[in-house]
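As structure tokens, the structure follows; a few thoughts come after it.
As a basis for the values below, the full set of heavy atoms in this structure was taken, side chains included, without hydrogen atoms, waters or symmetry mates. Chain letters run A, B, ... following the sequence lines, proteins first and then strands; every chain starts at 1.
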Amino acid sequence: MDLSGFERISEFEWQAPATGAMRVPVVIFADEALMRAMDEKVREQASRVAMLPGIVRASYAMPDAHWGYGFPIGGVAAFDADEGGVVSAGGVGFDISCGVRCLHTGLKSAELLRQQVRLADALSRAIPAGVGSTGELRLSAAEMDDMLTGGARWAVERGYGDAADLERVEEGGQMKGAMPQQVSVQAKQRQRDEMGTLGSGNHYLEVQRVAEVYDEKIAAAYGVAVDDVVVSIHCGSRGLGHQIGTEFLRQMVVAAPSHGIVLPDRELACAPIESELGRSYLGAMRAAINCALANRQILTHLLRQVFAQVFPQARLPLLYDVSHNTCKVEEHEVDGRQRRLYVHRKGATRAFGPGHPDIPSALRAAGQPVLIGGSMGTSSFILAGTERGMKLAYGSACHGAGRAMSRHEATRRWHGREVTDELAERGILIRSPSFRGVAEEAPGAYKDVSAVVDAADSAGLARKVAKLVPLVCVKG
DNA sequence: ATGTAC
């Protein structure tokens with residue numbers, strides 16, 4: 001990216017002033033190397049987001065930002081309903097409430113490695129993965145509505161996991177304000193037998209070793225130490241979220257003129273928060289959030305069943321579950337006054353600072369756990385939300401490495417079989433139904449997640465707590 | 001990300 005149009009606010013914060021139809025500036029958090037490597041399209045897309053009605057303070061991009069549909073992935077934008085603010089389907093993304101949850105195992109890596117192959121094989125049998133993968137559940141229409149209203153809470157009530165899990169999930173496991181009646185029959189149909197499945201792309205279930213701890217105090221509060229084994233699950237709302245995104249995007253394009261909205265880009269389709277369409281989308285999107293929370297909860301149950309066979313003594317309590325594709329109503333201080341904002345995070349993780357009431361009480365003093373998924377075969381990170389991050393970008397941080405090349409380019413460069421063999425030599429067991437999928441997600445197809453996380457830490461968005469390296473990865 | 005194109 002050409003940096004000439006940016007003012008360097010600090011070493012890790014770059015601001016492009018509001019010009020033309022932009023209502024607010026663009027702010028990107030990154031070091032200079034990441035900025036230079038970043039796609040020019042990030043600035044273009046973030047600039048057009050800055051033109052949307054009711055946007056507050058700035059259109060933000062995280063250090064892992066890259067080109068997305070309408071909004072950049074790694075984009076954060078907040079809107080005020082009282083100022084004509086909008087909600088945008090493209091601002092949330094198609095995989096609504098895609099996110100990461102991380103579980104303790106109580107095991108040390110040496111114990112795990114003795115059963116590594118057995119565990120990998122058992123997980124790959126038990127965890128449905130891949131395009132169009134289906135699970136054991138078949139939801140009736142009534143059950144579907146209950147799931148879309150109840151989220152992870154619904155799953156726990158059905159016997160998937162423990163009540164104690166719920167406290168460690170955003171929103172207590174249940175997103176309020178969901179409107180199952182706003183979710184189309186087709187979206188529900190697509191989801192009917194997809195509960196408890198990973199899906200494809202960069203979604204995975206990964207057994208990981210804590211390789212490094214950067215902040216002992218926060219790590220202790222989170223209950224992680226070097227050589228501990230944890231399991232991370234990265235997935236979202238599958239076909240349902242995608243269908244909702246597709247349908248509402250189309251509706252928002254059609255309805256924009258009637259709301260007096262001139263779209264700077266068709267892909268930025270949006271509707272006023274205070275409109276029938278805006279309210280409908282929010283209701284459907286919240287239902288999709290519940291779908292994703294329930295999905296990760298069911299996968300957690302399947303994971304625990306496998307561990308019960310391989311490591312009967314192990315217990316897998318939840319550390320935390322956080323989404324990175326959402327629009328949420330939050331209170332934030334802007335220019336000295338508290339405002340109620342609709343915060344879009346697309347490929348950006350919520351990262352609330354210490355003391356925030358929405359953080360589980362046991363973790364509150366340390367700040368919210370921020371779970372950063374690496375690409376397959378590379379590191380993942382646990383960070384903690386900071387006080388400073390609350391001021392910088394509404395308590396948000398990066399969500400992963402971000403692609404460095406297209407899927408197509410990756411399949412030209414690598415073969416899935418070779419990638420799998422290479423990783424196995426490094427002690428990382430990959431289990432996937434699709435060698436093509438493995439090639440698309442080859443470690444080299446992604447940016448360096450360490451650089452992204454370091455930039456987020458240096459910028460003050462969140463604080464580095466621990467690094468996780470993969471031992472077993474079940475992917476779609 | 002996605003019944004990887006309606």
Side-chain angles (χ1 to χ4, degrees), chain A residues 45 64-75 88-100 128-135 137-139 144 183-205 233-251 253 267 269 284-285 288-289 291-293 295-296 299 323-327 344-349 373-376 398-412 416 432-442 445-446 474-476:
Chain A
Q45 291 194 314
D64 55 339
H66 55 285
W67 173 84
Y69 189 94
F71 280 54
I73 295 163
S88 168
V92 172
F94 287 92
D95 191 6
I96 298 168
S97 201
C98 180
V100 181
V131 180
S133 49
T134 55
L137 268 163
R138 299 284 176 277
L139 298 189
M144 176 64 68
V183 178
S184 71
V185 170
Q186 201 185 348
K188 291 173 179 172
Q189 209 163 347
R190 280 181 72 169
Q191 194 59 32
R192 198 177 62 109
D193 50 5
E194 286 192 345
M195 295 309 294
T197 66
L198 276 181
S200 63
N202 70 345
H203 287 170
Y204 57 77
L205 180 150
I233 299 172
H234 176 206
C235 63
S237 52
R238 305 287 283 106
L240 181 126
H242 194 273
Q243 188 66 28
I244 290 170
T246 304
E247 291 170 7
F248 276 94
L249 205 114
R250 202 181 299 137
Q251 288 182 57
V253 171
E267 294 184 359
M285 182 211 60
I289 289 179
C291 176
L293 298 182
N295 192 29
R296 292 198 284 273
L299 283 163
S323 300
H324 48 231
N325 284 350
T326 58
C327 174
H344 294 64
R345 295 189 183 87
K346 181 186 186 182
T349 309
S375 47
M376 182 187 66
C398 55
H399 85 305
R403 289 200 80 89
M405 69 178 69
S406 68
R407 294 178 188 284
H408 183 75
E409 175 67 18
T411 53
R412 273 174 15 107
S432 171
S434 161
F435 277 121
R436 182 172 138 198
V438 171
E440 288 177 352
E441 300 300 315
Y446 280 81
V474 177
K475 71 171 299 303

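- Side-chain contact of Glu247(A) with Gln251(A): a donor-acceptor pair under 3.5 Å is absent, judged by distance alone.
- Partners of His242(A) according to the side-chain contact (heavy atoms from CB on, under 4.5 Å) rule, which considers only residues two or more places apart in sequence or in another chain, are Phe94(A), Arg190(A), Thr246(A).
- A donor-acceptor contact under 3.5 angstrom links the side chains of Arg296(A) and Ser323(A), judged on distance only.
- Between the CG atom of Leu249(A) and the P atom of dT2(B) there is a distance of 17 Å, rounded to whole Å.
- Residue Tyr69(A) contributes atom OH, which lies 17 Å from atom P of dT4(B) at whole-angstrom precision.
- If you take CZ of Arg436(A) and P of dT2(B), they are 14 Å apart, rounded to a whole angstrom.
- Residues passing the side chain to side chain donor-acceptor pair (under 3.5 Å) test with Thr197(A), sequence neighbours excluded: Arg238(A).
- The distance from atom CD of Glu247(A) to atom C1' of dC6(B) is 14 Å, rounded to the nearest whole Å.
- Taking atom CD on Gln243(A) and atom C1' on dT4(B), their separation rounds to 15 Å, with Å as the unit.
- OP1 or OP2 of dT4(B) has not a single side-chain nitrogen or oxygen of Arg407(A) nearer than 4.0 Å.
- Residue Ser200(A) places no side-chain N or O under 4.0 Å from the OP1 or OP2 atom of dT4(B).
- If you check every strand for non-hydrogen atoms under 4.0 Å, Gly245(A) touches nothing.
- If you measure from atom CG of Asp95(A) to atom P of dT2(B), you get 6 Å, rounded to the nearest angstrom.
- Across all strands, Gln186(A) comes closer than 4.0 Å to base atoms (heavy-atom distances).
- Between the NE2 atom of His203(A) and the P atom of dT2(B) there is a distance of 5 Å, rounded to whole Å.
- As a whole-Å value, the separation of Leu198(A) CG from dT2(B) C1' is 15 Å.
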